[in-house]
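Atoms considered below: every heavy atom in the structure, side chains included; atoms not considered: hydrogens, waters and symmetry mates.
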Amino acid sequence: MAETGASPAVPSPDAALSPLARAERFVWLTARVLEQRRFAYHFLDGAGGDAAADAVETALTSYATTDGGYGYALEPDLRGPVSQPLHTGHALGVLDSIRRCGGQRVERVCRYLTSVSTPEGALPAIHPSQRGYPAAPFVPIVDDPPSELLATGPVVGLLHRNEVWHAWLFRATDFCWTAVESLEKSHPYEVQAAVAFLDGVPDRPRARAAADRLGRLVREQRLAALDPADLDAFPVQPGYAPGEHHFPHDFAKVPESLARSWFTDEEMARSLDFLARDQEADGGWPVRWRQWAPGTVMEARPIVTIQALRTLRAYGRDIG
């Protein structure tokens, strides 16, 4: 019997189990209710059904705020009860993944987006209401934050993809086009935001042209680690954590993404092989960005794990 007060050993998943089975054990052991429900929706019995989607929506509602946005550390690196654009973008991504990105809930979200937009009609990364609550030290909180493609692009792309029409979208879409088409130097998270916009925006010829240009920029600036066996050849971006590389699968999360054409079949295969190998002994995938508090890492890893499994499955990899 363990000594009183001693920490119990965390059971190690059997290596013979499938990646999905190992991940399931990890999720039940560590995840918030929202990620447990999301995992069940995507991977367990009844996956994709109305009952599973209802359960995800119910869990997501606990993060909703009275102003129509989302808070309560839905995005783990921002703590506290206040709404933030990044929380709300995360919520829209969850709703999109369960095919519920529409209706009155999204109408309320659009009213919130309007209320926190910059004079350009776009979103700041962090609204100053975050001040006074814990936040990652690499997140700047300023009184008059600028418009950010990082926050605006994914939201605009998701709303367009779900055929949501709201007055807020007009200026926000114009902002995203200007931002994407004028990029000369960027970093992986901003590129991912641009891809999310381009994958959803209705003007497909213009989106393909912008994506072609962006893909050349990604390769020229070595923003994607094309060979996981030679990471020294691909610099980590300023301000990123040591080893915080981004790989082809991070940009093209599904084969249908415009970013998929940026990479050869061999490069994508190496990237997916690396992603599959990156599952850790406890069944979850690691967080590669800068870690600043134990709780935020614990909350983020199930989110990363669900995304890894969804990406592997989208490309036809056997996850069990």
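- For the pair N162 (side chain) and V164 (backbone), a donor-acceptor distance under 3.5 Å is absent.
- With Q130 contributing its side chain and R79 its backbone, the two residues share a donor-acceptor pair below 3.5 Å.
- Using a 4.5 Å cut-off on side-chain heavy atoms (C-beta onward), L275 and F247 make no contact.
- A salt bridge (Lys or Arg N to Asp or Glu O under 4.0 Å) check over residues 153-168, counting only residues at least two apart or in different chains, returns the pairs D96-R161.
- Side-chain contact check for F26 versus P302: some heavy-atom pair is nearer than 4.5 Å.
- For the pair R100/D54, a side-chain contact is recorded, criterion being any heavy-atom separation below 4.5 Å from C-beta on.
- A donor-acceptor pair under 3.5 Å is formed between the side chain of R171 and the backbone N or O of P119.
- In this structure the side chain of Q192 never reaches within 4.5 angstrom of the side chain of L223, judged on heavy atoms.
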Practice task
Kindly indicate, with the supporting measurements, whether the criterion side-chain hydrogen bond (donor to acceptor under 3.5 Å, both in side chains) is fulfilled by E148 and T152.
Solution key: CA-CA 6 Å; E148 293 280 1; T152 313; over 6 Å; no
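- You'll find the side chain of L34 reaches within 4.5 Å of the side chain of L74, heavy atoms only.
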Donor-acceptor contacts, no H, no angles, side chain residues 232-241, under 3.5 Å, sequence neighbours left out:
residue : atom : partner : partner atom : Å
Y240    : OH   : H187    : ND1          : 2.8
Y240    : OH   : Y189    : N            : 3.4

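- Between T61 and R105, the side chains place a donor N or O and an acceptor N or O closer than 3.5 Å (distance only, hydrogens not considered).
- In this structure, the side chains of V195 and L258 stay at 4.5 Å or more apart for every pair of heavy atoms.
- Residues W289 and D77 have side chains in contact (heavy-atom distance under 4.5 Å, counting atoms from C-beta outward).
- Scanning for side-chain hydrogen bond (donor to acceptor under 3.5 Å, both in side chains) contacts around H87 gives an empty result, with sequence neighbours left out.
- The closest side-chain heavy-atom distance from W262 to V191 is below 4.5 Å.
- For R317 (side chain) and A276 (main-chain N/O), no donor-acceptor pair under 3.5 Å exists by modelled atom type.
- Between R32 and E299 there is a salt bridge, with a side-chain nitrogen of the basic residue lying less than 4.0 Å from a carboxylate oxygen of the acidic one.
- Between the side chain of Q84 and the backbone N or O of G71 there is no donor-acceptor pair closer than 3.5 Å.
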